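Everything on this sheet refers to the single structure shown next.
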2 protein chains.
Amino acid sequence: MSVAFAGVGHQTVTWDRPSSDCPVEVALAAISGRWATLVLRDLMHGPRSFSALRAGLPSLSAKVLTERLESLVAQGLVSCSRSPGFPVRTSYELTSAGLLLRPLLVELHRTGEALLGELADD
Amino acid sequence: MSVAFAGVGHQTVTWDRPSSDCPVEVALAAISGRWATLVLRDLMHGPRSFSALRAGLPSLSAKVLTERLESLVAQGLVSCSRSPGFPVRTSYELTSAGLLLRPLLVELHRTGEALLGELADD
DNA sequence: CAGGATCCTAAAAGATACTG
DNA sequence: CAGTATCTTTTAGGATCCTG
């Protein structure tokens, strides 16, 4: 059921709704939600604690950061380890699956620049 | 202000919120919203009328399709031409800017497949 | 330090009916 | 045909205060 965007060829699949088994939806799920790409970008540079992530994104509330991280962990893209003792320290880190997102983020950035350039010509 | 995701190097930019002048946000805006990628995928195959798009995405209401198309047109990614006379016929078509999204859609699909493969290993 | 619990608002999505 | 109008529901995001 591989849908070839590039090869504009014949294809049998006909989605009638965004279905979660579609690869595109899977990838989209990983990067959607406000701040998601920014959090991922931070994690691309290495493991980060909860507060390190907050410090990097000051206008992001604890609640939303928690949501974003929970989502990423649930999708198997990020793992979380917490130090025993007190106060607790956490370390969020990309899993091998999470690392697969790097080319997508790069492409997102590249495409955005291309759009800015193209639309400036008008 | 080019942010290198790939080159994990030094960078001066520090976003404290998703800003619309960030290329990543620009690209994200183009593909966000439910059904957006599906509509774009249809348009990648050539010009489509309003009802042709609806026919391809049966569970998508006229209202939402209208919203999606308005957004794409507003972003300069799609153009719309309407035939004079009655009944009216429309033709939505990707602009040259809109065509720039193709590699991104391909990458989205590719990444999704990679994720499905990687996560299946667990 | 790293969240959880609540409450609130705004925006997005969907259903339905109607118009140029 | 190609939408618009309206209303209701859902969901995301944010603010604030609290806890292990």
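Letters A, B, ... mirror the listed sequences (proteins, then strands); counts begin at 1. Small disclaimer: the values here were computed from a predicted structure and weren't measured.
Side-chain contact between R89(A) and R82(A) is absent, with no heavy-atom pair separated by less than 4.5 Å.
Scanning for side chain to side chain contact (heavy atoms under 4.5 Å, CB included) contacts around S32(B) gives an empty result, with sequence neighbours left out. Remark: R48(A) engages L43(A), H45(A), A52(A), L53(A) in a side chain to side chain contact (heavy atoms under 4.5 Å, CB included) (not counting sequence neighbours).
The interatomic distance linking L60(B) (CG) with dA2(D) (C1') rounds to 14 Å, in whole Å. Regarding L65(A), its CG atom lies at a distance of 13 Å from the C1' atom of dC1(C), rounded to whole Å. In this structure, W35(A) atom CH2 and dG13(D) atom P are separated by 11 Å, rounded to whole Å. Rounded to an integer number of Å, the gap from Y92(B) OH to dC1(D) C1' is 11 Å. One atom, CD of E70(B), and another, C1' of dT4(D), lie 10 Å apart when rounded to the nearest Å. The separation between R34(A) atom CZ and dG14(D) atom C1' is 9 Å, rounded to whole Å. As a whole-Å value, the separation of E67(A) CD from dA5(C) C1' is 12 Å. Between R82(B) atom CZ and dT4(D) atom C1' the separation is 12 Å, expressed in whole Å.
For the residue pair S81(B) / E93(B), no side-chain donor-acceptor distance below 3.5 Å is found, with atom types taken as modelled.
One donor-acceptor pair, N or O on each side, does fall under 3.5 Å between the base of dA13(C) and the side chain of K63(B).
Between R54(A) and dG3(C), a side-chain N or O to OP1/OP2 separation shorter than 4.0 Å is absent. The phosphate of dC1(C) has neither OP1 nor OP2 within less than 4.0 Å of any side-chain N or O from S49(A).
Mapping S91(B) and S61(A) onto DNA chain D by nearest heavy atom places S91(B) closer to the 5' end of the strand.
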